[in-house]
Engineer: 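First, the structure itself, so that you have it in front of you.
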Amino acid sequence: MNDILIIGIAGGSGSGKSAFTRRLKARFDKDMAVLHHDDYYRDQTGTDPEDRKKINYDHPDSLETDLLLRHLKQLREGKAVSCPVYDFTRHNRSGETLRVDPAPVIIVEGILVLSDPALREMMDLKIYVDSDADERIIRRILRDVRKRKRDLEGIVSQYRATVKPMHNLFVEPAKQEADIVLNGGLNDQAFALAEAFIEKHLSHRKKLCERGDDL
């Protein structure tokens, strides 16, 4: 019997979805695996480094979602997967992979995970993290400067050219596909709701194991 819970967590860049994901992962630890859609940006080896900067990374075509789907299916079958690791400082995959083992709960996190019908079809719970646009751009600027070594002019240019229009075209409309819409990644009530949902699933699995049923 297949009894793996898959949760999708989406929201605009800087909305707090990663913070919400980290909080859930810290709570459930080894009972939870996390796949980040960002790590599935297409390999740009062979593309000039300057041309990489011009790619629209906020459009669904920039992501190898088919590979993510295959990995989710493999995890559901009880098989470990080797996820690509993306290097945002080089706008390319690092060449390294990260082993992800099957777990009772799998989170798929990213701005576009609710925009893809095939991904949504695999999800048992769909969460959209909403946040004020001003807060989102401030968080994005701080993140890109501190962690991704970007300059302010480049961040603003990318936001105007692709981030904002793609948010309006793909990310925001996917909110209607969510089972839960929460205001910010630090929403305690929403966290408690997701926590209870996961705990119920884990309790059900435990009962099945105690009965000797195959998972």
Side-chain angles (χ1 to χ4, degrees), residues 1-11 13 17-47 52 55 57-129 147-148 170-171 174 177-179 194 197-199 201-202 204-206 208-209 213-215:
M1 176 180 177
N2 189 334
D3 197 34
I4 290 178
L5 182 73
I6 296 181
I7 300 174
I9 300 181
S13 178
K17 63 189 177 303
S18 295
F20 193 75
T21 299
R22 286 193 298 271
R23 191 176 177 188
L24 285 173
K25 175 60 176 172
R27 166 65 180 83
F28 292 101
D29 194 21
K30 294 180 181 179
D31 284 327
M32 180 176 286
V34 179
L35 298 181
H36 301 280
H37 205 185
D38 282 357
D39 279 324
Y40 291 80
Y41 279 123
R42 296 187 183 278
D43 186 12
Q44 299 298 335
T45 302
T47 303
R52 293 177 195 167
I55 294 171
Y57 292 100
D58 294 271
H59 192 282
D61 289 347
S62 67
L63 293 145
E64 195 176 355
T65 302
D66 286 348
L67 177 60
L68 173 58
L69 284 164
R70 289 201 299 273
H71 283 172
L72 282 173
K73 290 173 183 176
Q74 288 174 327
L75 287 168
R76 266 193 164 170
E77 293 168 357
K79 302 173 184 176
V81 299
S82 296
C83 296
V85 177
Y86 196 78
D87 184 349
F88 289 92
T89 64
R90 297 192 300 115
H91 300 279
N92 199 14
R93 292 184 183 174
S94 67
E96 299 178 357
T97 58
L98 177 67
R99 178 188 170 101
V100 176
D101 292 309
V105 182
I106 299 171
I107 285 184
V108 190
E109 180 264 338
I111 64 172
L112 293 166
V113 298
L114 297 188
S115 304
D116 187 276
L119 276 178
R120 290 199 308 268
E121 184 66 25
M122 294 194 70
M123 296 172 186
D124 302 290
L125 179 66
K126 300 179 290 293
I127 299 174
Y128 186 94
V129 183
K147 297 182 178 180
R148 302 182 179 178
F170 294 107
V171 183
E177 305 290 347
D179 302 307
F197 188 85
I198 294 169
E199 286 176 341
H201 170 74
L202 294 175
H204 175 66
R205 278 180 60 92
K206 183 178 179 181
L208 291 177
C209 288
D213 293 351
D214 292 332
L215 292 178

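We're numbering straight along the sequence, starting at 1.
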Engineer: Check whether any side-chain N or O of Asn92 sits under 3.5 Å from a backbone N or O of Gln44 as a donor-acceptor pair, and report yes or no.
Structural biologist: yes
Engineer: Can you tell me how far the CG atom of Leu119 sits from the CG atom of Leu69, to the nearest 0.5 Å?
Structural biologist: 4.5 Å
Engineer: What's the verdict on side chain to side chain contact (heavy atoms under 4.5 Å, CB included) for Lys126 and Arg120, showing C-alpha distance, side-chain angles and the deciding distance?
Structural biologist: CA-CA 8 Å; Lys126 300 179 290 293; Arg120 290 199 308 268; 4.2 Å; yes
Engineer: From Leu202 CG over to Phe28 CZ, what is the distance, rounded to the nearest 0.5 angstrom?
Structural biologist: 6.0 Å
Engineer: Checking side chain to side chain contact (heavy atoms under 4.5 Å, CB included) for the pair Leu24/Ile9: CA distance, chi angles, key distance, verdict?
Structural biologist: CA-CA 11 Å; Leu24 285 173; Ile9 300 181; 4.0 Å; yes
Engineer: When rounded to the nearest 0.5 angstrom, what is the spacing between CD1 in Ile4 and CD1 in Ile106?
Structural biologist: 5.0 Å
Engineer: Less than 6.0 angstrom separating the ring centers of His36 and Tyr86, yes or no?
Structural biologist: no
Engineer: CD1 of Ile7 to CD of Glu109: how many Å apart, nearest 0.5 Å?
Structural biologist: 13.0 Å
Engineer: Mind checking the CD1-CD1 spacing from Ile6 to Ile107? Nearest 0.5 Å is all I need.
Structural biologist: 11.5 Å
Engineer: Which atoms form the tightest heavy-atom contact between Leu68 and Leu35, and what is the distance?
Structural biologist: CD1-CD1, 3.7 Å
Engineer: Mark yes or no for whether Arg99, through its side chain, and Ala80, through its backbone, hold a donor-acceptor pair below 3.5 Å.
Structural biologist: no
Engineer: Locate the shortest heavy-atom distance separating Ala33 from Val100; write the atom from each residue and the value.
Structural biologist: CB-CG1, 3.8 Å
Engineer: Does Tyr57 reach the main-chain N or O of Arg52 with its side chain, forming a donor-acceptor pair under 3.5 Å?
Structural biologist: yes
Engineer: Quick one: pull up CD in Glu199 and NE2 in His201 and give me the separation to the nearest 0.5 Å.
Structural biologist: 12.5 Å
Engineer: Testing the basics here: between Val171 and Tyr128, what is the closest heavy-atom pair and its distance to 0.1 Å?
Structural biologist: O-CE1, 3.5 Å
Engineer: Using salt bridge (Lys or Arg N to Asp or Glu O under 4.0 Å) as the criterion, list what pairs up with Lys25, not counting sequence neighbours.
Structural biologist: none
Engineer: With sequence neighbours left out, write down each residue that passes side-chain hydrogen bond (donor to acceptor under 3.5 Å, both in side chains) with Asp116, or none if nothing qualifies.
Structural biologist: none
Engineer: Just jot down the side-chain hydrogen bond (donor to acceptor under 3.5 Å, both in side chains) partners of Arg42, sequence neighbours excluded, or say none.
Structural biologist: none
Engineer: If you apply the rule side chain to side chain contact (heavy atoms under 4.5 Å, CB included), what do you find for Met32 with Arg27, and how did you get there?
Structural biologist: CA-CA 9 Å; Met32 180 176 286; Arg27 166 65 180 83; over 6 Å; no
Engineer: Take Arg76 and Asp124 through the salt bridge (charged side-chain N to carboxylate O under 4.0 Å, His left out) test and state the conclusion after the steps.
Structural biologist: CA-CA 13 Å; Arg76 266 193 164 170; Asp124 302 290; 3.5 Å; yes
Engineer: Restricting to ring-ring contact (aromatic ring centres under 6.0 Å, His included), what partner residues turn up for Tyr40, sequence neighbours left out?
Structural biologist: His71
Engineer: Given side chain to side chain contact (heavy atoms under 4.5 Å, CB included), test His37 with Leu63 step by step and report yes or no.
Structural biologist: CA-CA 8 Å; His37 205 185; Leu63 293 145; 3.7 Å; yes
Engineer: With sequence neighbours excluded, tell me which residues meet ring-ring contact (aromatic ring centres under 6.0 Å, His included) with Phe197.
Structural biologist: none
Engineer: Taking only residues two or more places apart in sequence or in another chain, which ones pass side-chain hydrogen bond (donor to acceptor under 3.5 Å, both in side chains) with Glu96?
Structural biologist: none
